[in-house]
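Report on the following structure.
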Amino acid sequence: MRNLIEDARPPLAEAMSKMGVDESVWTPLLGRSTVEDHGDAALPCHALSKTLRRSPSEIADEVVSLIGGALDGIADASSVSGFVNLRAQPSWLSRRIEAMMPDPRLGIGLEECRTYAVDYSAPNVAKEMHVGHLRSTVIGDAIVRMLEFRGHLVHRENHVGDWGTPFGMLIEHLLDLGEAEAANELGVGDLDSFYKQARAKFVTEEEFAERSRQRVVLLQGGDEETLRLWRVLVDESMRYFNEVYSMLGVLLTDDDIMGESRYQDLLPVVVDRLGDAGILEHSEGADVAYPGGWVNREGEPLPMIIRKADGGYNYSTSDLACIIDRVERLKCDSFLYVVGTPQKQHFEMVFQVARQAGFMDDGHNAVHVNFGSVMDADGKVLKSREGDVIKLFDLLAEAVTRARAAIEEKNPDLQGEQRERVARIVGIGAVKYADLSTERTKDYVFDWERMLSFDGDTAPYLQYAHARICSIFRKWGGDRGSLSESEISCSLPEECLLARRLTDFPAVVDESTHAYIPHRLCAHLHSIASAFASFYEACPVLSAEEEGTVHSRLALCDLTARELELGLGLLGIEVPQRM
RNA sequence: GGGCGUGUAGCAUAGCCUGGAUAAUGCACCGGCCUCCUAAGCCGGGGACCGCGGGUUCGAAUCCUGCCGCGCCCGCCA
């Protein structure tokens with residue numbers, strides 16, 4: 001109701017000025033109503049009581065009477081227990097809807113273009129993508145889509161874990177298995193057992209461990225044959241990751257891969273620059289920086305290790321290299337890291353050092369878009385290293401299977417290729433929505449039934465609303481585009497409620513985008529679908545008595561469908577025409 | 001030990017930033033609704049000392065503070 005408040009402000013200002021209340025006093029009080037039954041916006045007058053020396057309800061009464069008819073065509077004002085309540089009038093709602101109808105962007109404007117790097121997904125080569133990886137991938141993808149829609153230039157950065165000491169043992173294991181066999185195992189997505197076998201040998205066989213360590217040296221030394229073997233591991237893993245990405249329907253492609261290996265040349269540069277900036281210190285043979293403000297278990301200042309005593313680099317170094325690359329090569333001014341909350345402190349330290357060293361300045365905005373962990377039933381964080389984790393691939397496959405079964409049961413007319421397509425859209429949509437619709441910083445316990453539910457506040461519920469609207473339009477047979485000039489009339493309460501929700505859409509997209517909180521958009525889309533479901537029951541569209549009503553309701557249907565499609569699209573969720 | 005986060009009906013969550021009225025939503029539960037645009041739906045109902053105690057305020061789920069429970073971080077791993 002952002003627009004309602006804007007429109008109601010001038011008449012309200014006049015009344016308040018007559019009351020002798022300064023704008024700076026009452027403006028912060030004016031806001032959307034917390035109890036919808038009372039209205040859409042409200043001005044609580046309790047805080048004015050002391051200075052005006054009157055009771056809140058007397059003040060509210062007088063404000064309402066001073067407003068008089070000045071809000072005609074905008075809102076009805078009423079006084080209830082010290083609140084001035086404003087309820088949008090149906091005619092105001094109608095005008096808002098009419099204004100949105102012809103706009104392909106549905107009232108969501110373009111912003112001044114910034115250049116973003118969004119770091120997300122980041123699976124590890126030769127390691128399974130499990131349900132925990134869903135969050136970064138899905139949340140990051142939604143944020144990318146929202147930013148791009150607002151007109152920003154977005155670099156997707158898939159910071160794949162493709163470098164480091166584990167690759168010694170992985171390459172040796174590859175050789176032990178034989179390249180062909182190993183490639184096969186990795187290609188079918190059995191990354192988990194590959195990694196575990198290698199690790200098991202590493203800890204139990206000294207000879208293997210020694211070979212692995214030597215292999216790391218060869219890898220870092222740029223040995224050609226070793227690099228070729230490393231490339232096999234990376235390629236096979238990426239082939240598998242791409243399969244998951246494609247199933248999931250995310251934007252990531254091979255062009256977005258910027259694995260750790262790509263920053264190796266920059267690592268010595270990081271050391272040099274930190275040295276030049278005078279913030280590098282030597283400690284026990286290592287090069288470290290002290291961001292300040294943190295202490296370790298012993299109460300000593302917490303160092304950020306830049307170069308280890310053995311000459312190797314740490315992941316902080318790699319993240320600093322990323323910042324240099326993104327600032328200087330990609331010319332980014334905004335950096336989003338869609339990475340789990342456990343790394344919060346790490347990123348705070350990295351950003352701090354990057355600023356101290358001048359890699360970033362005040363014009364650069366770096367945000368750790370953190371998210372909570374996925375826990376198992378015992379409340380433990382799901383970790384790929386131990387235990388049997390649920391493969392992301394299996395979760396997605398199960399979602400599609402269940403969606404297919406639901407379609408067979410509820411809409412047997414859908415057959416063949418079309419059914420497969422819808423099953424994919426519905427199943428994958430359910431999984432994505434389940435993750436996107438909760439506040440991202442909270443941990444959650446993984447639950448098959450929750451992830452795969454198709455009832456209630458789920459993607460299929462929103463998709464269903466969309467499919468029903470498409471069904472109405474199929475039956476109608478007219479040209480949807482012609483509805484953009486329709487006159488809207490909101491007479492029944494269900495029409496008004498739907499119009500309210502539709503009107504709020506742009507403001508919610510705004511908030512969701514700027515705070516990087518997809519769940520806010522999810523909640524609003526659900527409220528739209530819910531309002532539509534009530535409208536659908538109470539307001540016959542095609543069989544309405546008057547032609548004007550038919551067109552008005554068709555237009556509401558059209559806008560509802562477009563908001564659902566756009567909103568879900570921004571979340572990376574498709575909408576079917578029928579389901 | 002230091003730090004970060006979290007606690008809301010049986011379950012799962014939103015609301016907390018920016019204080020406001022009867023704490024919202026879904027699942028589950030109870031009762032209704034398909035000769036009518038898709039019942040993956042709609043309508044109605046029961047169910048909450050918002051972890052506990054102080055404080056600030058006209059007003060606290062929301063802000064401050066102290067406890068308690070849970071999770072995480074504080075690796076020359078990434």
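So you know, we letter chains A, B, ... as the sequences are listed, proteins then strands, and number each from 1.
The phosphate of B:A40 (OP1 or OP2) has no side-chain N or O of A:R468 nearer than 4.0 angstrom. For the OP1/OP2 pair of B:C77 and a distance below 4.0 Å, the side-chain nitrogens and oxygens of A:Y313 include no atom meeting the criterion. Close to B:A14, at under 4.0 Å from its OP1 or OP2, lies no side-chain N or O of A:H526. Taking only side-chain nitrogens and oxygens, A:Y315 never comes nearer than 4.0 Å to OP1 or OP2 of B:A78. Not one side-chain nitrogen or oxygen of A:K50 sits closer than 4.0 Å to the OP1 or OP2 atom of B:U57. For the pair A:K442 and B:A14, the criterion of a side-chain N or O lying under 4.0 Å from OP1 or OP2 is met. In this model, the phosphate group of B:A23 is not approached by any side-chain N or O of A:T34 to a distance below 4.0 Å at OP1 or OP2. For the OP1/OP2 pair of B:A78 and a distance below 4.0 Å, the side-chain nitrogens and oxygens of A:N314 include at least one atom meeting the criterion. Contact check, A:K410 against B:A40: a side-chain N or O comes under 4.0 Å of OP1 or OP2. Taking only side-chain nitrogens and oxygens, A:K308 comes nearer than 4.0 Å to OP1 or OP2 of B:C77.
Stacking between A:Y464 and B:G41 is absent: the aromatic ring centre is not both under 5.5 angstrom from the base six-membered ring centre and within 30 degrees in plane angle.
Between A:F347 and A:F351, the ring planes lie tilted relative to each other; the angle falls in the 30° to 60° range.
Side chain A:D37 to base B:A21: no donor-acceptor pair is found below 3.5 Å.
Using a 4.5 Å heavy-atom threshold, the side chains of A:R474 and A:Q577 count as touching.
Here the straight-line distance linking atom CD1 of A:I528 with atom CG of A:L497 works out to 10.5 Å at 0.5 Å rounding.
Checking A:A529 against A:E284, the closest nucleotide of RNA chain B that is more toward the 5' end is the one next to A:A529.
Pairs of Watson-Crick or G-U wobble type, with distances under 3.5 Å, assemble into runs of 3 or more in RNA chain B at these ranges: B:1-7 with B:68-74, B:10-13 with B:24-27, B:29-33 with B:41-45, B:51-55 with B:63-67.
Remark: of the listed residues A:R501, A:R32, A:R500, A:R500 is the sole one forming a salt bridge (Lys or Arg N to Asp or Glu O under 4.0 Å) with A:D40.
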Item to complete: Go through A:E172 and A:K201 one step at a time and tell me if the salt bridge (Lys or Arg N to Asp or Glu O under 4.0 Å) criterion holds.
Response: CA-CA 10 Å; A:E172 286 304 318; A:K201 280 199 283 183; over 6 Å; no
